[in-house]
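Scope of the values below: all heavy atoms of this structure, side chains included, with no hydrogens, waters or symmetry mates. Residue numbering restarts at 1 for every chain, and letters A, B, ... go by the order of the sequence lines. Predicted model only: the values in this text are computed from it and were never measured.
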Amino acid sequence: MKVLDILDKLGLELVSGKSGLDREITGGYVSDLLSDVMGNSKEGQVWVTLQTHKNVMAIASLKDLAAVILVNGFKPDDDMAKQSEEEGVPVLRTKERTYEIAGKLYELLK
Amino acid sequence: MHFEFDIEAGDFSKVGYASSQLKKIMKQLVGDHKIVKRVVVALYEAEVNVVAHAYSGKVIIDINTDKIEIKVNDKGPGIPDIQLAMQEGYSTASEQVREMGFGAGMGLANIKNNTDEFYIKSEVGVGTSLTIIANLITE
């Protein structure tokens, strides 16, 4: 499954990083602790978080994550969106809470 | 190959610059190797530590055919009890740093778990020096 597919199926809004929509998804990771994601996420996972600053993209890029989903209707800071464009790692957003969107993502990917 | 990067303390917008550069260099040298992923995690965490705790820092990278050696030296308050600092979950990070999702007390453990050799020296009131070594040849 590609990032473009979950965009459709989960009704997400694409904020930035359009060039990465064909990235392949291997799973998901849910955390707001950056060191946790740094230590435990795996390549190709979609990262669900409420963190909206630039360092999210540094980690997503270093770990080769497929995309970032921001919850609760949050928007990325300008420099986060900019880095998402530069790195080609999409930032998607949803109005839903972490619990709901993670559940739907899990159902979709299992 | 030898590279050096300066780290500006307190500026979180630049965290990850050295690790991102290292990733690009390593990908060209050895391709999509597991060791690249590991060593980049270790360096990122070391960068975060300098930005969050020290006054200034320097990253020195030496890449040889058999191993990569990274030194991260900072001028800063130092670590009074290294054993305690190495414990997962222990952190002295500020509230502001924690709100960003850093300061969970996992950084040094992440560094140790992602390298083959890890040495840390610290002097209170002077600074902290890390040496990170990853072997490029595993067999």
With rounding to the nearest 0.5 angstrom, report the [atom1] to [atom2] distance, [X] to [Y].
{"X": "A:L33", "Y": "B:R98", "atom1": "CG", "atom2": "CZ", "result": "10.5 Å"}
{"X": "A:L34", "Y": "B:F102", "atom1": "CG", "atom2": "CZ", "result": "4.5 Å"}
{"X": "A:E43", "Y": "B:K34", "atom1": "CD", "atom2": "NZ", "result": "12.5 Å"}

Min side-chain heavy-atom separation [X]-[Y] under 4.5 Å:
{"X": "A:M38", "Y": "B:V48", "result": "no"}
{"X": "B:M106", "Y": "A:N40", "result": "yes"}
{"X": "A:D64", "Y": "B:K23", "result": "yes"}

Query raised in the report: Judged by atom type as modelled, is there a donor-acceptor pair below 3.5 Å linking the side chain of A:D79 to the main-chain atoms of B:S13?
Result: no
Q) Is B:N110 reaching over with its side chain to a backbone N or O of A:S35, donor-acceptor style, under 3.5 angstrom? A) yes
Would you check, one step at a time, whether the test side-chain contact (heavy atoms from CB on, under 4.5 Å) holds for B:F12 with A:H53? CA-CA 10 Å; B:F12 274 93; A:H53 54 86; over 6 Å; no
Does atom [atom1] of [X] have more than 12 heavy-atom neighbours from other groups under 6.0 Å away?
{"X": "A:E86", "atom1": "CD", "value": "yes"}
{"X": "B:Q28", "atom1": "CD", "value": "no"}
{"X": "A:Y99", "atom1": "OH", "value": "no"}
{"X": "A:D78", "atom1": "CG", "value": "no"}
{"X": "B:K58", "atom1": "NZ", "value": "yes"}

Applying a strict 4.5 Å limit to non-hydrogen atoms, the region of A:D32 in contact with chain B is backbone
Checklist entry - After noting the C-alpha distance and the side-chain angles of B:V41 and A:K63, does the key distance pass the side-chain contact (heavy atoms from CB on, under 4.5 Å) rule? => result CA-CA 8 Å; B:V41 170; A:K63 296 289 288 187; 3.8 Å; yes
Bottom line for B:K24: the part with an atom under 4.5 Å from chain A's heavy atoms is neither
